[in-house]
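The structure appears below as structure tokens.
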Amino acid sequence: MIKRLSSGPYLFWMLMFVIVPIVMILAFSMVTVTSGGDWSFSLSNFSRAFDPIYIAVLGRSLKIALEATFICFILGYPMAMILAKMPVKYRTFSVMLFVVPMWMNFLLRTYAWMTILGKNGIINGLLSLLGLPNVTFLYTEGAVLLGMVYNFLPFMVLPIYTVLMKMDQSLVEAAEDLGGDKRTVFRKVIFPLSIPGILSGVSMVFMPSVSTFVISNLLYGGQYMLIGNLIEQQFLVVNDWNFGSAVAMILMLLILASMAIMNRFGGGNPEERGANLW
Amino acid sequence: MVNKWMKRLYTVLIFGFLYAPIAVLAVFSFNDSKSTAKWEGFTLDWYQSLFQNSLIMKSLYYTVLVALIASVVATIIGTFAAFGIFYMKAWKQKVILNVNSIPILNPDIVTGISLMTLFVALNMELGLLTMIIAHVTFCIPYVILSVLPKFKQMPSEMLEAALDLGATPWYAFRKVIFPEIKPGIITGALIAFTLSIDDFVISFFTTGNGVGNLSIAIYSMARRGIKPEINALSTLMFIVVLVLMLVLNKRTKIEEI
């Protein structure tokens, strides 16, 4: 009896504040308000989302999130390898230094780039010191990309680092003993074994990048830039909750789809995948 | 040898990239001008005006208040829930854990707007209460995920043994189960607390009425442009985080020994 009762409040809470709200959003997205104020079922919110303007927003979100993920991977993988191979006495401290910026408030980290890239920021200050003309960095797509890479780089490095640390070193040694040169060992043993870490890094960078509205709002400005901005604007500015809900549903589906793709590539736990190597 | 230097250079460059923005903010928080490009002399004025800024001070209070209440409520609900879930049939467990992962996997903005929609539909005024409810909602799943494994590590007969020996269920929970799952509860509570302190997106949509946390205050100030007080604030926050991490690092090392 007590076993059953003890999860009661939780079940109620999840039903009330997780399931009901999502069902409400789903319902909102499939309803339109007619001029008379009546509600009627329709999928017009979704067809509206396929308007070229909004398709462009969706495309831009995907493109910039993929770019950020790719750059984080390229920058992060070597860093994770260097961290994993560091002598113990430097390693703990270095990993800690990697975590510290992550614990700083996300908005402060983004704000820092506003001051650096701004018209009167330090980069333009240095440029004018050298007698070069000022450049606008802030309020460009590049600034948003930079903000994403800066904010999410540790999310890529840490999972890869963890996998590399847990990796069975005897496999690497065996490969070396069997005559594999450094490149072959990396290509055939280390890299395949680190794929689970890469996958979780990729999803931890891609998901917040594709759904953000903060980075784009601060570093690009208030226009409809990314899908997150679109949702925020529909709910807080335009007050078209039905269309906003439809876009939110699309974002949810996008995330679910990308997770399904990840699972297909990943599948199972790291140990099993290590076994598949042979 | 070249390889070693390449590695060092790369490490320095990446850490430079991570810390340069924080360093720039820190240096210019002492600048005697609003500029973040030109050094005009040393001052502590921005720190003083930070502590006199009632918006920031009020939001600091709300941040801590909400994080404390939300993490305590989420930890209590989550711990008891994990107890119940552990003894459920396998299929029920699976369904519940799937629902449990919704708030973790869903983008924050979707969680935020869906809760906002619910609160508005229930005619609840957006403010402190709705913000706390929202925070509890996104914290509970993490508490479950840190407490449930501890139940799984516990010998499954322990509860039965205690009950057979005449303990009341509540007594058995306190004396037998609780000590076993305590590390999980502490981890869960800490995760909940940090998530709550750090949250922006969900709070942004579920609060109103002049109630807001630090993130919301920073956002609304940053949208209006550069504010030297924020430089001072980030410097202080950086120092707090750094000290906290150093202390935690030292403590875990001692425990390892």
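Numbered from 1 within each chain, the chains take letters A, B, ... in sequence-line order.
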Check: Side chain, backbone, both or neither: which part of B/Ile133 has a non-hydrogen atom closer than 4.5 Å to chain A?
Finding: both
Notebook entry, point to check: If you tally heavy-atom pairs under 4.5 Å against chain B, which of A/Val247, A/Leu236, A/Ile22, A/Leu129 wins?
Noted result: A/Leu236
Notebook entry, point to check: Taking the inter-plane angle between the rings of A/Phe98 and B/Phe15 on a 0 to 90° scale, is it parallel (under 30°), tilted (30 to 60°) or perpendicular (over 60°)?
Noted result: perpendicular
Next item on the list: Tell me, for A/Leu153 versus chain B, whether the close heavy atoms (under 4.5 Å) come from the side chain, the backbone, both or neither.
Entry: side chain
Checklist line | Value rounded to 0.5 Å, distance of CD1 in B/Ile113 from CD1 in A/Ile231 | finding: 5.5 Å
Checklist line | A/Phe93 vs B/Met245 side-chain heavy atoms within contact, under 4.5 Å | finding: no
Checklist line | Between CG on residue A/Asn217 and CZ on residue B/Arg223, distance to nearest 0.5 Å | finding: 4.0 Å
Margin query: Taking side chain as everything from C-beta outward and backbone as N, CA, C, O, which of these in B/Ile109 sits under 4.5 Å from a heavy atom of chain A? Side chain, backbone, both or neither.
Written below: side chain
Notebook entry, point to check: Quick one: what part of B/Ile140 sits under 4.5 Å from any heavy atom of chain A, side chain, backbone, both or neither?
Noted result: side chain
Next item on the list: Below 4.5 Å from any heavy atom of chain A, which atoms of B/Met88 appear? Answer side chain, backbone, both or neither.
Entry: side chain
Margin query: Given heavy-atom pairs under 4.5 angstrom as the criterion, report whether the side chain, backbone, both or neither of B/Val136 touches chain A.
Written below: both
Check: If you tally heavy-atom pairs under 4.5 Å against chain A, which of B/Asn100, B/Ile22, B/Leu233, B/Leu159 wins?
Finding: B/Asn100
Check: Side chain, backbone, both or neither: which part of B/Ile102 has an atom under 4.5 Å from a heavy atom of chain A?
Finding: side chain
Notebook entry, point to check: Do the side chains of B/Asp198 and A/Trp103 get nearer than 4.5 Å, heavy atoms only?
Noted result: no
Note to self: Could you check whether any side-chain heavy atom of A/Ile255 comes within less than 4.5 Å of a side-chain heavy atom of B/Leu105, counting everything from C-beta outward?
What the structure shows: no
Notebook entry, point to check: Checking heavy atoms, do the side chain of A/Met249, its backbone, both or neither come under 4.5 Å from chain B?
Noted result: neither
Notebook entry, point to check: Quick one: of A/Pro154, A/Pro208, A/Pro78, who has the most non-hydrogen atom pairs under 4.5 Å with chain B?
Noted result: A/Pro78
Next item on the list: Against chain A, label B/Val120 side chain, backbone, both or neither, depending on which of its atoms sit under 4.5 Å from a heavy atom there.
Entry: side chain
Next item on the list: Report yes if the side chains of B/Pro141 and A/Met14 come closer than 4.5 Å at any heavy-atom pair, otherwise no.
Entry: yes
Check: B/Asp108, B/Thr79, B/Ile96, B/Val240: which one forms the most heavy-atom pairs within less than 4.5 Å of chain A?
Finding: B/Ile96
Item checked: Heavy-atom contact with chain A under 4.5 Å, split by part of B/Phe238 -> both
Next item on the list: Below 4.5 Å from any heavy atom of chain A, which atoms of B/Val99 appear? Answer side chain, backbone, both or neither.
Entry: both
Item checked: Spatial distance of atom CZ (B/Arg8) from atom CD1 (A/Ile82) [nearest 0.5 Å] -> 11.0 Å
Check: Where does B/Ile239 contact chain A at under 4.5 Å (heavy atoms): side chain, backbone, both or neither?
Finding: neither
Checklist line | Engaged part of B/Phe138 at the chain A interface, taking heavy atoms whose separation is under 4.5 Å | finding: neither
Checklist line | Test item: A/Tyr150 and B/Pro21 side chains (from C-beta on) under 4.5 Å apart, heavy atoms | finding: yes
Margin query: Let's go through B/Ser234 and A/Asn105 carefully: what are the C-alpha distance in whole Å and the side-chain angles of both, what is the deciding distance for side-chain hydrogen bond (donor to acceptor under 3.5 Å, both in side chains) to 0.1 Å, and is it a yes or a no?
Written below: CA-CA 8 Å; B/Ser234 29; A/Asn105 192 294; over 6 Å; no
Margin query: Counting heavy-atom pairs closer than 4.5 Å to chain A, which one of B/Thr111, B/Thr194, B/Val110, B/Ile197 comes out on top?
Written below: B/Val110
Next item on the list: Spell out, as yes or no, whether a donor-acceptor pair under 3.5 Å connects the side chain of A/Ser6 to the backbone of B/Phe80.
Entry: yes
Next item on the list: Identify which part of A/Met24 has an atom lying under 4.5 Å from any heavy atom of chain B, answering side chain, backbone, both or neither.
Entry: side chain
Notebook entry, point to check: Hey, what's the ring geometry for B/Phe17 with A/Trp113, parallel, tilted or perpendicular (30° and 60° as the breaks)?
Noted result: tilted
Check: Which atoms of B/Leu13 come close to chain A, meaning under 4.5 Å heavy atom to heavy atom: side chain ones, backbone ones, both, or neither?
Finding: neither
Notebook entry, point to check: Between CZ of B/Phe200 and CG of A/Leu107, what distance do you get to the nearest 0.5 Å?
Noted result: 5.5 Å
Check: With a 4.5 angstrom heavy-atom cut-off, which part of A/Leu218 approaches chain B: side chain, backbone, both or neither?
Finding: side chain
Notebook entry, point to check: Can you say whether A/Leu126 sits under 4.5 Å from chain B via the side chain, the backbone, both, or neither, judging by heavy atoms?
Noted result: neither
Next item on the list: May I ask you to test the A/Phe106-B/Ser215 pair for a side-chain heavy-atom distance under 4.5 Å?
Entry: no
Notebook entry, point to check: Are B/Tyr19 and A/Val100 side-chain neighbours, meaning at least one heavy-atom pair lies under 4.5 Å?
Noted result: yes
Note to self: Please classify the contact of B/Ile76 with chain A as side chain, backbone, both or neither, using a heavy-atom distance under 4.5 Å.
What the structure shows: neither
Margin query: On a heavy-atom basis, which atom in A/Met252 and which in B/Asn106 lie closest, and how many Å separate them?
Written below: CG-OD1, 2.9 Å
Margin query: Quick check for you: among B/Leu244, B/Val241, B/Leu242, which has the greatest number of heavy-atom pairs under 4.5 Å with chain A?
Written below: B/Val241
Notebook entry, point to check: Measuring heavy-atom distances to chain B, does A/Tyr111 have an atom under 4.5 Å in its side chain, in its backbone, in both, or in neither?
Noted result: side chain
Next item on the list: Heavy atoms only, distances under 4.5 angstrom: which of B/Leu115, B/Ile77, B/Thr117 has the most pairs with chain A? Name it, please.
Entry: B/Thr117
Item checked: Per-residue contact mode, B/Ile14 against chain A (heavy atom under 4.5 angstrom) -> side chain
Check: Side chain, backbone, both or neither: which part of A/Ile19 has a heavy atom under 4.5 Å from chain B?
Finding: side chain
Check: Is there a side-chain contact between A/Ile122 and B/Phe28 (heavy atoms, below 4.5 Å)?
Finding: yes
